[in-house]
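One structure below.
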Amino acid sequence: MSTPTTRSRTGTDHESAPAGSVSRTPIRPSTSRGGGAQQPPVRERLASGAFLAPAVLLVGALLLAPFAATFYRSFFNDHRTSGFAGLDNYELFFTNESLVRSVENTLMWMAGTVVLPCVLGLAVAWLTNATRWSRLARLCVVAPYALSGAAVAVVWNFMLTSDGALNQLLTSVGLDPPAQGWLLEWPSNTVVLILANAWQATGVAVILFLVGLQGIPPETLEAASLDGAGPWQRFRHVVLPQLRPVSVIVIGISLANGLKSFDLIWVLTRGGPGRLTETLAVSMYQETFLLQHAGAGAAIAVVLTLIVLAASWLYLRRQLDAKGD
Amino acid sequence: MRSFDTVRAGTPPALARRHFLAAAGAGAVGLALTGCARGSSAAAVPGEVSISTDNSDWDDGFRRAGDALQSLTGYGLRPESSPEAIAYKQVTQMTLETSRAADVIKWGAGYELKSLARGGKLTDLSRLWERYEQKGWVRGGQRASMSYRGAVYGVPLYESHYVVFYNKRLFTRLGLGPPATWDELTHCADTLKRRGVTPFVATQFGGWPAYQWFQELVSKIDPDFYRALVAGRARYTDEVAREAMDIWQGFIRKGWMTSPDFDQGNGAAALKAGRVGMFLYGTWGAKGFSDLGMRPGKDYDAFVLPTVRKTTRKSVITESGVLAVPLGATRHEAGVESVGAWLAPSVQRVWADYLDDGSANPAVRAGNPVVAEVRETVARERMPRLIRYGEASPPNLVQGNTQDLSSFMTQQSSPGDTLRSMAERSEDEWAAWKRDEA
């Protein structure tokens with residue numbers, strides 16, 4: 001319906017352009033920027049500029065300027081008297097085993113922190129949305145989100161060490177704990193870290209999905225039921241499409257959290273054993289502050305920023321375009 | 001009236017908003033000024049010298065030692081501790097660039113101190129050291145680990161030896177004694193293992209503990225090789241290092257060592273409970289046993305790890321913290337004066353008793369009988385004191401190699417691969433150190 005209407009309007013405009021130019025003149029000023037009379041007064045523009053200035057200055061001074069300085073620093077070496085090094089610091093991503101492993105871990109974290117909190121969050125939200133004990137269940141899932149990453153790491157450390165609670169539990173029920181500890185062998189240690197992170201991060205996904213679920217008009221579900229749709233069909237074809245805006249936010253948040261994950265890893269393993277569980281955020285800290293390689297650390301920061309920006313842009317652009325606004 | 005009313009009606013919200021904005025602005029300016037203002041921690045306090053440390057557990061000890069210092073210098077000590085060692089290093093290095101650094105800072109010896117001193121922000125304490133030497137309050141061998149390019153930049157904070165603590169009651173029950181030879185040590189380990197006790201604490205948890213067994217095994221095979229290795233004059237792939245790794249690998253495979261994620265903080269409790277038999281640790285660990293109510297000499301004791309071969313010269317790994325005075329110290333003179341009196345016996349008596357460990361002043365006997373006995377044995381047998389691995393080489397080399405040893409302990413890397421990686425890093429980092437020195 002809408003397409004023919006648009007076409008006909010467009011066609012009319014083109015056809016009537018010569019004759020209708022006069023009659024369209026009064027409309028033009030609303031889109032024209034040439035008419036001085038239609039511009040906002042200088043005072044208003046100054047006022048709006050003044051309101052914008054603090055935010056622009058803050059972002060510029062605290063975000064853009066440090067990023068520019070970091071980008072600049074990444075082209076210099078880490079000798080005591082630092083000299084220009086070209087792309088040497090970026091070459092480390094191909095030559096340094098620890099950094100290659102760090103990139104692998106970061107990709108694992110990206111996948112894990114998007115899939116697990118979203119799937120678990122949606123499942124918990126859906127299952128607890130209408131049950132009698134939903135509040136208690138929700139509280140249990142959401143509570144870890146209120147804890148700091150470091151506190152969560154301390155709790156998981158208590159669970160995961162070789163003489164920790166998890167192994168004791170396994171032993172008590174007659175199962176053999178893994179020969180190597182939960183956090184000592186790659187890649188299982190990274191997987192365990194991602195699971196520990198999911199335990200905490202699912203809470204926020206649950207909250208957001210619940211908000212989305214409660215915003216779904218019940219009439220749509222009733223209509224689907226009347227049409228003979230089963231629970232799964234209702235969920236798949238009625239609920240999920242209406243959760244799309246919330247999903248965009250949940251996946252976006254999870255993606256950013258996964259890429260910048262630091263505290264849990266640092267407190268649980270310090271990136272170790274060796275440098276096996278480092279992600280790029282941990283590698284950046286390791287190189288910059290422990291090894292005093294500010295140039296290498298800056299290069300990692302730049303690459304990490306590019307990955308975050310690219311992932312966010314690709315994802316959000318697609319989702320927001322598809323949404324139509 | 002209407003317009004008046006209108007104005008009156010419209011004014012309060014506008015005023016309220018302006019007031020709110022003004023208050024918020026004033027608050028932000030206030031916060032900014034407060035943030036830029038000099039904190040109380042950096043401010044000079046009459047009669048006190050600020051000492052910056054990375055160990056809040058020692059705050060009380062510094063205060064007590066400060067009381068003893070006050071009678072000598074007129075200044076007490078005001079500890080400012082940072083809870084996290086890595087953050088402490090960063091903050092300290094940054095404050096050295098300012099004119100408001102702490103009066104005295106705690107730092108590591110050896111290459112940790114050299115790295116800091118070569119920035120030119122520490123006070124030359126060579127004269128003070130000479131006075132200490134004249135009084136016999138330091139040993140000649142301590143100077144090297146406190147110096148950079150011939151000048152002294154630090155005073156030893158304490159002196160700990162790496163020893164093996166053991167559960168004396170458990171040993172007696174099993175008919176074991178402190179081993180004097182390598183065979184006796186392995187016999188002890190074997191007996192303990194057969195009785196369901198893990199013989200040794202060995203862990204990489206926390207990072208640095210990963211090098212404890214490496215430094216011990218290498219130095220107990222050949223102390224001269226250890227010296228050459230950490231100085232960059234020998235290779236990590238040489239025979240002695242390989243032998244040390246093979247012994248270590250054997251211990252792990254026999255189940256003689258705790259899991260590599262064991263928390264050393266629980267070592268004393270595990271020893272007391274008889275879950276582990278022997279605990280390789282610095283003598284500063286004695287305080288942990290005392291805190292658990294274990295009596296020195298009765299419930300626990302200690303021995304220096306025997307050499308692998310009987311003909312090898314005995315040696316002991318030694319660790320010293322450092323007190324240094326920043327050039328930009330808020331009360332520079334008072335800082336130097338306090339460090340100049342730190343090793344006075346009256347101060348060291350209080351400090352060593354607090355630590356339950358050894359004083360850096362050889363004239364002060366340790367209060368803990370186990371530590372005192374170890375120190376007497378070291379002196380009597382003229383054991384060379386070898387600087388701890390953590391401070392014996394450039395910091396980046398130590399950092400990377402410790403991570404390699406972590407990988408080895410968790411069986412993620414073979415002994416050969418571990419040593420090759422360490423050797424390559426050693427070449428790179430020594431080259432970087434020498435280039436930076438040049």
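In what follows, every heavy atom counts, from backbone to side chain, and hydrogens, waters and symmetry copies are set aside. Here the structure is a predicted model, which is why all the values come from computation and not from measurement. Chain letters run A, B, ... following the sequence lines, proteins first, then strands; residues in each count from 1.
- For A/Gln286, the part lying under 4.5 angstrom from a heavy atom of chain B is the side chain only.
- Using a distance-only test at 3.5 Å, with no hydrogens or angles considered, no donor-acceptor pair links the side chain of A/Ser82 to the main chain of A/Asp78.
- The side-chain hydrogen bond (donor to acceptor under 3.5 Å, both in side chains) test applied to B/Thr258 returns no partner, not counting sequence neighbours.
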- Message: One pair to check against salt bridge (charged side-chain N to carboxylate O under 4.0 Å, His left out): B/Arg149 and B/Glu437. What are the steps and the verdict?
- Response: CA-CA 10 Å; B/Arg149 293 191 169 178; B/Glu437 283 295 284; 3.4 Å; yes

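- B/Ser393 contributes a side-chain N or O that, together with a main-chain N or O of B/Val230, makes up a donor-acceptor pair within less than 3.5 Å.
- Below 4.5 Å, heavy atoms of chain B meet heavy atoms from A/Asn157, A/Leu160, A/Thr161, A/Ser162, A/Asp163, all part of residues 155-171 of chain A.
- Residues of residues 105-114 of chain B having a heavy atom under 4.5 Å from any heavy atom of chain A: none.
- A/Glu287 contributes no side-chain N or O that, together with a main-chain N or O of A/Gln292, makes up a donor-acceptor pair within less than 3.5 Å.
- No hydrogens or angles considered: a donor-acceptor pair under 3.5 Å links the side chains of A/Trp186 and A/Asn105.
- Below 4.5 Å, heavy atoms of chain B meet no heavy atom from residues 54-75 of chain A.
- For a residue to count as touching a neighbouring chain, one of its non-hydrogen atoms must lie under 4.5 Å from one of that chain's; by this rule B/Phe408 does not touch chain A.
- Residues B/Arg425 and B/Asp428 are not paired through a salt bridge, judged by the lack of any N-O separation under 4.0 Å between the basic side chain and the carboxylate.
- Counting only distance, with no hydrogens or angles, the side chain of A/Trp182 and the backbone of A/Ser188 share no donor-acceptor pair below 3.5 Å.
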- Test A/His293 against A/Asn89 for side-chain hydrogen bond (donor to acceptor under 3.5 Å, both in side chains), laying out the working first. CA-CA 10 Å; A/His293 291 160; A/Asn89 289 323; over 6 Å; no

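- A cation-pi arrangement is present between B/Arg388 and B/Trp208, with the terminal nitrogen or guanidinium carbon under 6.0 Å from the aromatic centre and inside a 45° cone about the axis.
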- Might you work through the side-chain hydrogen bond (donor to acceptor under 3.5 Å, both in side chains) test for B/Tyr389 and B/Asn401, ending with a clear yes or no? CA-CA 10 Å; B/Tyr389 188 78; B/Asn401 281 0; 3.1 Å; yes

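- By the neighbour-count criterion of 12 heavy atoms within 6.0 Å, atom CZ of A/Arg80 is densely surrounded, having more than that number from other residues, nucleotides or ligands.
- A cation-pi arrangement is present between B/Arg118 and B/Trp433, with the terminal nitrogen or guanidinium carbon under 6.0 Å from the aromatic centre and inside a 45° cone about the axis.
- Interface residue A/Leu276: only side-chain heavy atoms are found under 4.5 Å from chain B.
- No donor-acceptor distance shorter than 3.5 angstrom exists from the side chain of A/Glu278 to the backbone of A/Gly271, with no hydrogens or angles considered.
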